[in-house]
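Before any comments, here is the structure.
This is a predicted model, so every value here is computed, not measured.
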Protein chains: 2
Amino acid sequence: MQFDDKVPIYYQIKEYIYRQIITGKLAPGDKMPSVRQLAVDLTVNVNTIQRALSELTAENLIEPKRGKGNFVTATDQQISELKEQLINEHLQQLYKNLRELNVSDEEILNDLGRYIDKQRDDQK
Amino acid sequence: MQFDDKVPIYYQIKEYIYRQIITGKLAPGDKMPSVRQLAVDLTVNVNTIQRALSELTAENLIEPKRGKGNFVTATDQQISELKEQLINEHLQQLYKNLRELNVSDEEILNDLGRYIDKQRDDQK
DNA sequence: CCTAGTGTTATATGTTACTATTACACTATA
DNA sequence: TATAGTGTAATAGTAACATATAACACTAGG
């Protein structure tokens, strides 16, 4: 996994696990990979994994069991709220960023439309 | 100015100056506020200002003159390219973030449309 | 009971970011 | 020529982040 060196790694791992949960790769009740395995997979130190997991635990999304592993405890309700929240934050971020560059509401929508069309073309 | 504690301050200052230039608050040829004044205005250390300015200098957007100050040397051409690049990066960021949450192209556009409408309403 | 696989915790080390402080180089001007 | 206002650079200290390493606590299975 490639990290943005402008943002703490533990935080990017947290976001990565958010995604795993939201996209269903990790479902309620699932056992997560062990901290040591995650450390290998993401090529970071175990302590860095722990830093991310401890925050997710504090947010009641996962729960550790000594000797067993970490388990997803988030409910479907929690997950859908989390997804909505993250989407909203990202939209807000874009909106704020572009407005700060003096891009109008209309242009923002047009530019995004063009960008998405371009992605579709590049895909081919 | 409020900073995001997940991103280096010097980098956020760099982005701030990008905005000043793109929105015309700083025009080609303009003299910038002194490093000491910027440090006071943004409530950071002079060295942090320098860190940002030295990168902007390396990008040929500004140029320092000993004893005189820092001056905007970017051309209109450079500025419009910079603006386009930043807009593109932000669009790409949103697109990537939402696609990673399994949001479809169509939903992305709809969600943004709704978000912008909501902003307009909240404005009143 | 032993062992392998879990989570948890602690220590030491290195790097980067930021601050505070000081000093130096240069320019304009009174 | 002195002074105030510029940029520049160096030092030292603090904090956060990440690493390496080791040890400890618990669980499951042979």
(request) Run the salt-bridge test on A:Asp30 and A:Lys25 with the 4.0 Å N-O cut-off and return the result as yes or no. (result) no

(message) Output the rounded distance in Å from NZ (B:Lys6) to P (D:dA18).
(response) 11 Å

(message) Closer than 4.0 angstrom, basic N to acidic O: yes or no for A:Arg114 and A:Asp117?
(response) no

(message) Rounded to whole Å, how long is the line connecting atom CE of A:Met1 with atom P of D:dA18?
(response) 12 Å

(message) Rounded to whole Å, please give me the gap between CZ in B:Phe3 and P in D:dA16.
(response) 18 Å

(request) Specify the closest pair of heavy atoms between A:Gly69 and A:Lys31, including all atoms of both residues, with the distance to one decimal. (result) CA-CE, 4.4 Å

(request) Report the distance from atom CD of B:Gln37 to atom C1' of D:dG7, rounded to the nearest whole Å. (result) 15 Å

(message) Check whether B:Gln78 reaches the backbone of B:Thr75 with its side chain - one donor and one acceptor, N or O, closer than 3.5 Å.
(response) yes

(message) With a 4.0 Å cutoff (strictly under), does any side-chain N or O of B:Ser34 reach OP1 or OP2 of D:dT6?
(response) yes

(message) When you measure from the side chain of A:Gln50 to the backbone of A:Val35, do you find a donor-acceptor pair of N or O atoms at a distance under 3.5 Å?
(response) no

(message) Are there runs of at least three consecutive Watson-Crick or G-U pairs touching DNA chain C, with each pair's two distances under 3.5 angstrom? Give them by first number.
(response) C:1-30 with D:1-30

(request) Give, ordered by number, those residues of residues 44-62 of chain A having at least one heavy-atom distance below 4.0 Å to an atom of DNA chain D; if nothing qualifies, reply none. (result) A:Val44, A:Asn45, A:Asn47, A:Thr48, A:Arg51

(message) Using a 4.0 Å heavy-atom cut-off to protein, can you give one letter per nucleotide of nucleotides 22-30 of chain C, 5' to 3': B if the base is in contact, S if only the sugar-phosphate is, - if neither?
(response) -B-BBSS--

(message) Closer than 3.5 angstrom, by distance alone: can the side chain of B:Glu84 be matched with the main-chain N or O of B:Glu81 as a donor-acceptor pair?
(response) no

(message) Please check: side-chain N/O of B:Glu63 versus main-chain N/O of B:Asn70, any donor-acceptor pairing under 3.5 Å?
(response) no

(message) I need the CG-P distance between B:Asn70 and D:dT6, as an integer number of Å.
(response) 11 Å

(request) Find the distance A:Leu38:CG to C:dG5:C1' and express it as a whole number of Å. (result) 14 Å

(request) Rounded to the nearest angstrom, tell me the gap between atom CD in A:Glu63 and atom C1' in C:dT8. (result) 15 Å

(request) Look at the side chain of B:Thr43 and the backbone N and O of B:Val40, then say whether any donor-acceptor pair between them is shorter than 3.5 Å. (result) no

(message) As a quick check of understanding, evaluate salt bridge (charged side-chain N to carboxylate O under 4.0 Å, His left out) for A:Glu59 and A:Lys14, giving each step before the final call.
(response) CA-CA 11 Å; A:Glu59 294 169 15; A:Lys14 209 177 137 182; 2.8 Å; yes

(message) Output the rounded distance in Å from NZ (A:Lys65) to P (C:dG5).
(response) 21 Å

(message) Test your reading of the model: is there a side-chain donor-acceptor pair from A:Thr48 to the backbone of A:Val44, 3.5 Å cut-off?
(response) no

(message) Strictly distance-based, threshold 3.5 Å: is any side-chain N or O of B:Glu100 a donor or acceptor partner for the main-chain N or O of A:Arg19?
(response) no

